[in-house]
Amino acid sequence: MTKENNIYILAIESSCDDTSAAVLHNGKILANVVAGQEVHRLWGGVVPELASRAHQQHIVPVVDAAVRQAGISLEQLSAVAFTRGPGLLGSLLVGVSFAKSLALALSIPLIEVNHMHAHILAHFIDEPKPPFPFLCLTVSGGHTQIVQVNGPVEMKILGETIDDAAGEAFDKTAKLLGLPYPGGPLIDQYAAQGNPDAFKFPVPQTPDYDYSFSGLKTSVMYFLQKQNPDFLSAHLPDVCASVQKAIIMHLMKKLKKASADTGIRHIAIAGGVSANNGLRKAIETEGADSGWTTFIPAFEYCTDNAAMIAITAYFKFLNHDFAGQTIAPYARFSGF
Ligand code: KG4
Ligand code: ZN
């Protein structure tokens, strides 16, 4: 086998509060190691300075574990890939600097990856892979987008949030309810035991395919201010189920409109919030009603992971799309 069709990529993801490394061989993931950061739970959100320091501690053991699990030696690598952005600059710098140093030491190319692009291409890790074109609802802690995906590296944003992201809506609501960070998975768990029709929270009204979640969070705040101090001890599951219902209704309304307007019925979800059981169920139900073919990622590929960086880098490797050693990270998303 020539080196061109025997491709090994080491990928590194460090955009927020998870340090992750993955090894890919010819489009197949051999290892995907993720180290979370418990330190943020105490503070009710990610503290950027603490995140950078934890990445600095985790990066070498995490890469080492991924390479061992894959059963390869560093000398077999064809390229090193890394998340360039969007994300926390201090966190990104740890991954970018590590990737640059390793690529330089091994004299192999570097591949830069856009984190949001990677969330979408996580669908190409396992079967079934969505056919092009498809629509992807990308819902994470920092972004909420409806993307029309025409090819592995050709995609356009149809709509996105004008304020908070869907993950932020979950996390900020959880904070109001006294739950620790990240609150999304906890709201999901409580919602499963609650009545989604117990309380009515307003579904945001926005133009076209745009989203807005800041008003919903404020309405939960005012709602809680009007309740007795012991209200939550009796009604937490019902509040979680009702807020989750409003978030999902907003997400689904725009997605349905985008599908109807474009005529595209291959529908995927991606990003941390795609782990939400209520959203997964809503996509399946709507899929059955509207004749969609739906693509829901495995739980391990919903939240941040380096396997999605590796698969995106694989497509870029095949296009000979490499980065130079002067490349720097970016904090904000500015398109694909
Ligand atoms: O994609 P991700 O891991 O990181 C970013 O790129 O932001 O997404 C993290 C977000 C957090 O807001 C977290 O609360 C949310 O995904 N999340 C969930 C669930 N699992 C993670 N939200 C609702 N339900 C879940 N099961
Ligand atoms: Zn993410």
Side-chain angles (χ1 to χ4, degrees), residues 11-20 22 32 34-37 40-41 44-46 48 51 55 82-88 91-92 95 113-123 136-145 147 160-161 164-177 179-194 196 211 213 216-217 237 240-241 243-248 250-251 268-283 296-309 311-312 330-333:
I12 291 160
E13 153 63 35
S14 70
S15 63
C16 190
D17 60 340
D18 291 311
T19 317
S20 181
N32 179 42
V34 184
Q37 302 181 353
H40 307 290
R41 286 181 88 82
V46 177
H55 282 304
F82 62 90
T83 303
R84 186 179 175 198
L88 301 170
S91 292
L92 290 163
V113 173
N114 176 317
H115 183 85
M116 300 315 293
H117 186 181
H119 268 306
I120 295 170
L121 292 194
H123 283 283
C136 189
L137 173 67
T138 314
V139 271
S140 72
H143 298 84
T144 299
Q145 302 174 333
V147 182
E160 59 191 325
T161 184
D164 289 353
E168 259 177 300
F170 274 104
D171 296 338
K172 287 179 177 173
T173 301
K175 202 169 176 180
L176 293 170
L177 298 173
L179 300 172
Y181 178 86
L186 293 168
I187 293 199
D188 191 1
Q189 280 170 32
Y190 283 111
Q193 305 146 35
Y211 289 111
F213 290 99
L216 181 57
K217 169 196 65 195
C240 289
V243 174
Q244 181 170 295
K245 181 181 173 182
I247 294 173
I248 293 171
H250 188 36
L251 290 172
I269 52 172
V273 180
S274 66
N276 183 271
N277 288 291
L279 178 61
R280 294 166 86 93
K281 216 173 285 162
I283 292 278
I296 299 175
F299 283 109
E300 65 182 308
Y301 300 135
C302 292
T303 45
D304 291 347
N305 66 88
M308 69 185 194
I309 307 302
I311 194 75
T312 308
Y330 53 80
R332 297 186 71 80
F333 179 84

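We use all heavy atoms of the structure for the numbers below, so side chains are in, but hydrogens, waters and symmetry mates are not. First listed ligand is number 1; within each ligand, the first listed atom is number 1. In this text, all values refer to a predicted model and were calculated from it rather than measured experimentally.
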Student: For Gly95, is there any backbone N or O sitting under 3.5 Å from a side-chain donor or acceptor partner on Ser14?
Tutor: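 It does hold such a pair.
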
Student: Which of the atoms of ligand 1 are close to Gly167, meaning less than 4.0 Å from one of its heavy atoms?
Tutor: 12 (O)

Student: Below the 3.5 angstrom mark, is there an N/O of Asp18, backbone or side chain, next to an N/O of ligand 1?
Tutor: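 There is no such contact.
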
Student: Considering only heavy atoms from C-beta outward, does the side chain of Ile187 approach that of Thr173 to under 4.5 Å?
Tutor: yes

Student: Mark yes or no for whether His119, through its side chain, and Thr303, through its backbone, hold a donor-acceptor pair below 3.5 Å.
Tutor: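 It does not hold such a pair.
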
Student: Does an N or O from Phe170, backbone or side chain, lie closer than 3.5 Å to an N or O of ligand 1?
Tutor: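 Among all N and O atoms of Phe170, none is under 3.5 Å from an N or O of ligand 1.
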
Student: Take every heavy atom of Gln189, measure it against each atom of ligand 1, and state whether any distance is under 4.0 Å.
Tutor: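 Gln189 does not count as a contact of ligand 1 under the 4.0 Å cut-off.
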
Student: For ligand 1, which is the ligand I care about here, please tell me if Asn277 has any N or O atom under 3.5 Å from one of the ligand's N or O atoms.
Tutor: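 No; the residue has no nitrogen or oxygen that sits under 3.5 Å from a nitrogen or oxygen of the ligand.
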
Student: Which ligand 1 atoms, with their elements, are less than 4.0 angstrom from a heavy-atom of His119?
Tutor: 1 (O), 6 (O)

Student: Should you measure from each heavy atom of Gly272, which atoms of ligand 1 turn up under 4.0 Å away?
Tutor: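 Contacts of ligand 1 toward Gly272, numbered from 1: 1 (O), 2 (P), 8 (O), 16 (O), 17 (N), 18 (C), 19 (C), 20 (N), 21 (C).
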
Student: Examine distances only and state if a side-chain atom of Asn32 and a backbone atom of Ala307 form a donor-acceptor pair shorter than 3.5 Å.
Tutor: yes

Student: Among Pro182, Gly278, Gly141, Pro185, which one has a heavy atom closest to atom 10 (C) of ligand 1?
Tutor: Gly141

Student: Answer yes or no: is there a donor N or O on one side and an acceptor on the other, between the side chain of Gln244 and the main chain of Ala241, under 3.5 Å?
Tutor: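 Such a contact is absent between Gln244 side chain and Ala241 backbone.
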
Student: Would you say Glu168 and ligand 1 have an N/O pair spaced under 3.5 Å apart?
Tutor: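 The answer is no, given that Glu168 and ligand 1 share no N or O pair closer than 3.5 Å.
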
Student: What protein heavy atom lies closest to atom 3 (O) of ligand 1? Include the residue and the distance to one decimal.
Tutor: Asp304 N, 3.0 Å

Student: Is a side-chain N or O of Thr144 found less than 3.5 angstrom from the main chain of Ala166, in a donor-acceptor match?
Tutor: yes

Student: To the nearest 0.5 Å, what is the distance between CG on Leu137 and CD1 on Ile269?
Tutor: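 Atom-to-atom, Leu137:CG and Ile269:CD1 are 7.0 Å apart.
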
Student: Taking Arg280 for its side chain and Ser274 for its backbone only, find out whether a donor-acceptor pair lies under 3.5 Å.
Tutor: yes

Student: Which ligand 1 atoms does Gly142 reach within 4.0 Å, using its non-hydrogen atoms?
Tutor: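 Listed by number with element, the hits are 7 (O).
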
Student: Please identify which atoms of ligand 1 are closer than 4.0 Å to at least one heavy atom of His115.
Tutor: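 Within the 4.0 Å cut-off of His115, ligand 1 contributes 6 (O).
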
Student: Give the numbers and elements of all ligand 1 atoms closer than 4.0 Å to a heavy atom of Thr303.
Tutor: 3 (O), 21 (C)

Student: Any idea which protein heavy atom is nearest atom 14 (O) of ligand 1, and the distance to it?
Tutor: Asp171 OD1, 2.6 Å

Student: Check ligand 1 against Asp188 and write out every atom of the ligand that is under 4.0 Å from a heavy-atom position of the residue.
Tutor: 24 (N), 25 (C), 26 (N)

Student: Return yes if a side-chain donor-acceptor contact under 3.5 Å exists between Asn305 and Glu13, otherwise no.
Tutor: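 No, no side-chain donor-acceptor pair sits under 3.5 Å.
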
Student: Distances under 2.8 Å only: what protein N/O/S atoms are near the Zn ion (ligand 2), ordered by chain and residue?
Tutor: His115 NE2, His119 NE2, Asp304 OD1

